[in-house]
Undergrad: 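Before I ask anything, here is the structure I am working with.
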There are 2 protein chains.
Amino acid sequence: MTDTIEQKCLLKGVKLTDQRRLIAKVMSEASDHPDVDELYKRVSKIDPKISIATVYRTVKLFEESGILTKHEFKGGKARYEELNEGHHDHLIDVKSGEIIEFVDEEIEELQKKVAEKHGYTLVDHKLELYGVKKNLNK
Amino acid sequence: MTDTIEQKCLLKGVKLTDQRRLIAKVMSEASDHPDVDELYKRVSKIDPKISIATVYRTVKLFEESGILTKHEFKGGKARYEELNEGHHDHLIDVKSGEIIEFVDEEIEELQKKVAEKHGYTLVDHKLELYGVKKNLNK
DNA sequence: AAAATTAATGATATTGATTATCGATTTTTT
DNA sequence: AAAAAATCGATAATCAATATCATTAATTTT
Ligand SMILES: [Mn+2]
Ligand SMILES: [Mn+2]
Ligand SMILES: [Zn+2]
Ligand SMILES: [Zn+2]
C-alpha cells in the first residue's frame, strides 16, 4: 500500500472537513470500485448525517485534485477508485461484474506509438476488456 | 464502401418504415460519429415531422441488431456509427474533439492474450486514446 | 375488401444520475 | 467578537434516455 488519501490531501493542499475525511478513509480502505450510492451507503454507516450531495461534491473535488479517478464502464453509473502511482486497466467479467486489474507495458507502449504515428502526444487513454470466464476443467 | 444500412436491415430481418429508412440513410452517409441530437437535426431537415423519440428508438433498435455501434466517449452523450466488418478504435483530439480511427493488430492480439492470461475469453473491448496535436514545425 | 389485430409513431411524462441552489452551520480572517 | 468565506444538508433543477399512451399505419384474419 501507499499514501492514504488524507495524506494526499495534506500534500496537495486540499482542505479536509470531517465529512471529507470520512469519505477519504472509506475510499482508501476500499479495494473495489464503488459508485456514489455504494460509497454513500458505506459512509452513512459511520456518519448517518452525511448528505449524498456532499458525497457527490467530494468525489468530484478529489477527482479534480488527482486523488481519485472516475471510471465510466459500459452502461453503468460512474465508479471511483483511489489514484495511485501505478496505472492499470480493467478486465470486466460480463457475467458477474467482477473487475480484474492488469497492466500490460507492451500495450501501453503501443498506444503511445499509435498516437505518435498520427501526430499526437498521448495524454490519456481508456482500455477496458470485457470477457467471460473460461471453462478450466478441460 | 460496403453494404448500406438499409440492405443490412433487409438481411437481418429488421423491418423498415419511412422514418427508419431515413435514419438508416443519414447514418449510412455519415462519416463521423453523431450523437442523437445531431442525428435528429440531420433527419429533421428531410422529414421535419419525425420525432426525437423515434430517433432514440431507432438507434437502439439498430444497435441491438448489430447494425450501429454506440460509443460513450469521455463525459459526453452517446455517439453512433455504422458497424462495418473492419473493427477500429478511436484517437480523440482533446482540444478540438476531432476523432481519428485506427486499427493496431498488435494491440488487438495483446488484449486477447491479457484476457487469456486471466482465464477469460475476450468478448468485447474499448480502447480510446486521448491526445494533443504535436507541434510539427520544429 | 372490411374488420380485427399488431406494430410504429409523435407527443409528452417519467426516470435516474448528477449538478445547482439556498438557507443554515462551521471555519477562517479581520 | 464581528465579518467574510467555505462547507453542509436538503432539495430543486437539469439532462439524456426511456416509458407511456393515444393516434396512425401496416399486417393478418375473416
Ligand atoms: Mn482499478
Ligand atoms: Mn469510428
Ligand atoms: Zn493503460
Ligand atoms: Zn480494438
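Heavy atoms only: backbone and side chains are in, while hydrogens, waters and symmetry mates are out. Model, not experiment: these values are computed from the prediction. Throughout, a chain's letter reflects where its sequence line sits, starting with A, and its residues are numbered from 1.
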Undergrad: Hey, mind stepping through A:D124 and B:K74 against salt bridge (charged side-chain N to carboxylate O under 4.0 Å, His left out) and telling me if it holds?
TA: CA-CA 11 Å; A:D124 195 8; B:K74 274 221 283 198; 2.5 Å; yes
Undergrad: Check each residue of residues 32-39 of chain A for a non-hydrogen atom within less than 4.0 Å of any atom in DNA chain C, then write out the ones that pass by number, or none.
TA: none
Undergrad: From the list D:dA16, C:dA8, D:dA10, which nucleotide is the closest neighbour of the side chain of B:R20?
TA: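 Taking heavy atoms from C-beta onward, the closest nucleotide is C:dA8.
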Undergrad: Which heavy atom of B:E81 sits nearest a heavy atom of B:D32, and at what distance?
TA: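 Nearest heavy atoms, B:E81 then B:D32: CB-O, 4.2 Å.
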Undergrad: Whole-Å distance between D:dA16 P and B:F73 CZ?
TA: 17 Å
Undergrad: Compare the minimum distances between each of D:dA16, C:dT12, D:dG9 and the side chain of B:K77, then state the nucleotide with the smallest one.
TA: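 From the listed options, D:dA16 comes nearest.
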Undergrad: Not counting sequence neighbours, which residues clear salt bridge (charged side-chain N to carboxylate O under 4.0 Å, His left out) with A:K8? List them please.
TA: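 Listed in chain order: A:E82.
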Undergrad: Can you see whether B:Y120 has A:K134 sitting over its ring - NZ or CZ less than 6.0 Å from the centre and within 45° of the normal?
TA: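 Judged by the rule, A:K134 and B:Y120 form no cation-pi pair.
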Undergrad: Identify whether any heavy atom of A:R57 sits under 4.0 Å from a base atom; if not, whether one sits that close to sugar-phosphate; answer base, sugar-phosphate or nothing.
TA: base
Undergrad: A:S51 side chain N/O closer than 4.0 Å to the phosphate oxygens (OP1, OP2) of D:dC8?
TA: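 Indeed not, no polar side-chain atom of A:S51 lies that close.
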Undergrad: Apply salt bridge (charged side-chain N to carboxylate O under 4.0 Å, His left out) to A:E29 and A:R42, showing your working.
TA: CA-CA 11 Å; A:E29 284 168 357; A:R42 295 182 194 176; over 6 Å; no
Undergrad: What integer distance in Å separates B:I52:CD1 from D:dT20:P?
TA: 20 Å
Undergrad: Nearest nucleotide by nearest heavy atom, which residue falls closer to the 5' end of DNA chain D, B:D18 or B:A78?
TA: B:A78
Undergrad: Quickly work out the A:L61 CG to C:dT19 C1' distance and round it to whole Å.
TA: 15 Å
Undergrad: For A:Q19 and for B:E72, find the nucleotide of DNA chain D with the closest heavy atom, then tell me which residue's nucleotide is more 5'.
TA: A:Q19
Undergrad: Indicate whether OP1 or OP2 belonging to C:dA7 is found under 4.0 Å from a side-chain N or O atom of B:T17.
TA: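 So the side-chain polar atoms of B:T17 never come under 4.0 Å of the phosphate oxygens OP1 or OP2 of C:dA7.
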Undergrad: Is the count of non-hydrogen atoms from other residues, nucleotides or ligands lying under 6.0 Å from B:K25 atom NZ greater than 12?
TA: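 No, the 6.0 Å shell around NZ holds no more than 12 heavy atoms from other groups.
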Undergrad: Between B:Y56 and D:dT18, is there a side-chain N or O to OP1/OP2 distance below 4.0 Å?
TA: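 B:Y56 to D:dT18 OP1/OP2: no side-chain N or O under 4.0 Å.
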